[in-house]
Structure formats: structure tokens, C-alpha cells
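Structure first, commentary second.
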Amino acid sequence: MIPGARLIILGRQGAGKGTQCVRLSRHFVVPHISTGDMLRAAVREGSELGRMAKQVMDAGGLVGDDIMVGIVEDRLNRDDARTRGYILDGFPRTVPQARALDGITSERPIDCVIDLDVPRDLVLARISSRRVCRDCGTNYVSTHGLEKHPWICEVCGGDVMQRDDDTPDAINRRLDLYEEQTSPLIEYYGSDGRLVVVDGVATPDEVFVRLTAAVEAARRPG
Ligand SMILES: [Zn+2]
């Protein structure tokens, strides 16, 4: 295995992207760069872009493309990302962001864009069965009402509940928004052969094997 990779990972919420990004980041020895983490870091470090982002977020707005692109560009210009690469998670979200990213990475182009594909009905079922301890945040999986009521956390004795935003209506709204935003991106990266669809319906170990094989294949010359 040759360390280093420049990857973009797309996938529905509940597709297992977070877990796989952590594993890929260890495997290829590259930073896992997630939009959310990047924004929080920029705000914490008080960079100019971070201060601009904070103003927008404090006013309840969504951080625009120009600020996001600036934050990503700063991050990709750091030593670790310049020399070894990165896994971009949560960026780009729009075609204008993807075009800007192509400009930023023209000297060191991305190896491939992976669409970690898990069908909508399956992620809906996964997210709907998610439960969490209100006090310590431990995650649980509901066994379709067969669990005891009240459900007490094994770790801290707190109440285990469903998050307000994990109801089927709320999940469907988030999935609709994802499809709406991502289908143009899938077309954008699909049109020039950079998109690799990886079937995410398998055990985490099996999905990881598929992902690393997809990256190796994309990096093979010719
Ligand atoms: Zn707990």
C-alpha cells in the first residue's frame, strides 16, 4: 500500500461515511477533513475566514460558498494535506464548490470521488432505530419496541431516547435535501469519469475492503 490519497467521499446520512472516513484516514495516513470540524476549527482559531463564518452562523445563516471554499483552500494548503493528501467529507456540496475545488487542486488533482451508496429505505431504517442516552450520549439501536420501558442507559443510568430530529419526517426532509444537493454533483463527477460508486450494503469490514480497492484502482495508471 502506498500512503497518501486525495479523496472526496459522498454518501447519505446513515450510510456509514463517518466510520469509514476514520478508517480510510488511518489506512492512507491522511487527514480526515470534515466541513463541520473545519468550520469549528476556523472559528476557534479566529482566522479572518473563521470570524466571517462565525458572524454568519451567529446570525442563524448558512455559511456561503465563498467562505467555505476559502476555509477548505487554507486547510488543503497545510503541510499534511499538501504532502500526503486528505479525505474530504461534507465538501463540496454544490457544483460551484466542486468547480472551485478543481481550481484549488489543479496541481495535485483528486484521485477519485467515492459515492458510498446505501439505499434510501435502508438508511431511513438505520436512522429511525437510532437511540441515544440523554445524559452521556451513548448510542443504542432500537429493537422495534421490544426493549424495556423506560429504557435505562447501561453506562450511566440516564434515559435512552430518540432524538427529536430522528423522526421519519425529519429524516426524510434531510434525505430529500441531500438528494437535491448531491445529484448535480454526482453528474458533475460522473461526466468525466472521476466518480466511483461503492456499494455500502455490507459489514463495515467488507465496505472498508471495497473502499480501499476502489481507491487503489483509481490510482493505478492507465
Ligand atoms: Zn448514559
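Indexing begins at 1, ligand by ligand and atom by atom, following the structure's order. No hydrogens, no waters, no symmetry mates; every other heavy atom, side chains included, goes into these values.
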Problem - Count, waters excluded, of protein N, O or S atoms under 2.8 Å from the Zn ion (ligand 1) - result: 4
Practice task
Tell me, please, which residues at least two apart from R126 pass salt bridge (Lys or Arg N to Asp or Glu O under 4.0 Å).
Solution key: none
Please tabulate, for the side chains in residues 157-164, all donor-acceptor contacts under 3.5 angstrom to protein atoms that are two or more places apart in sequence or on a different chain.
residue	atom	partner	partner atom	Å
D159	OD2	R134	NH2	2.9
Q162	NE2	S128	O	3.1
Q162	NE2	D166	O	3.0

Practice task
Show the numbers, then the answer: is there a salt bridge (Lys or Arg N to Asp or Glu O under 4.0 Å) between R12 and D115?
Solution key: CA-CA 9 Å; R12 293 189 175 89; D115 180 17; over 6 Å; no
Practice task
Decide if atom CD of E154 counts as having more than 12 heavy atoms of other residues, nucleotides or ligands within a radius under 6.0 Å.
Solution key: no
Practice task
Only pairs at least two apart or in different chains count here, so list each salt bridge (Lys or Arg N to Asp or Glu O under 4.0 Å) that has a residue in residues 86-111.
Solution key: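 Matches after skipping sequence neighbours: K17-D89, D102-R194.
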Problem - Identified side chain to side chain contact (heavy atoms under 4.5 Å, CB included) counterpart of E73 within the set I71, N77, L76 - result: N77
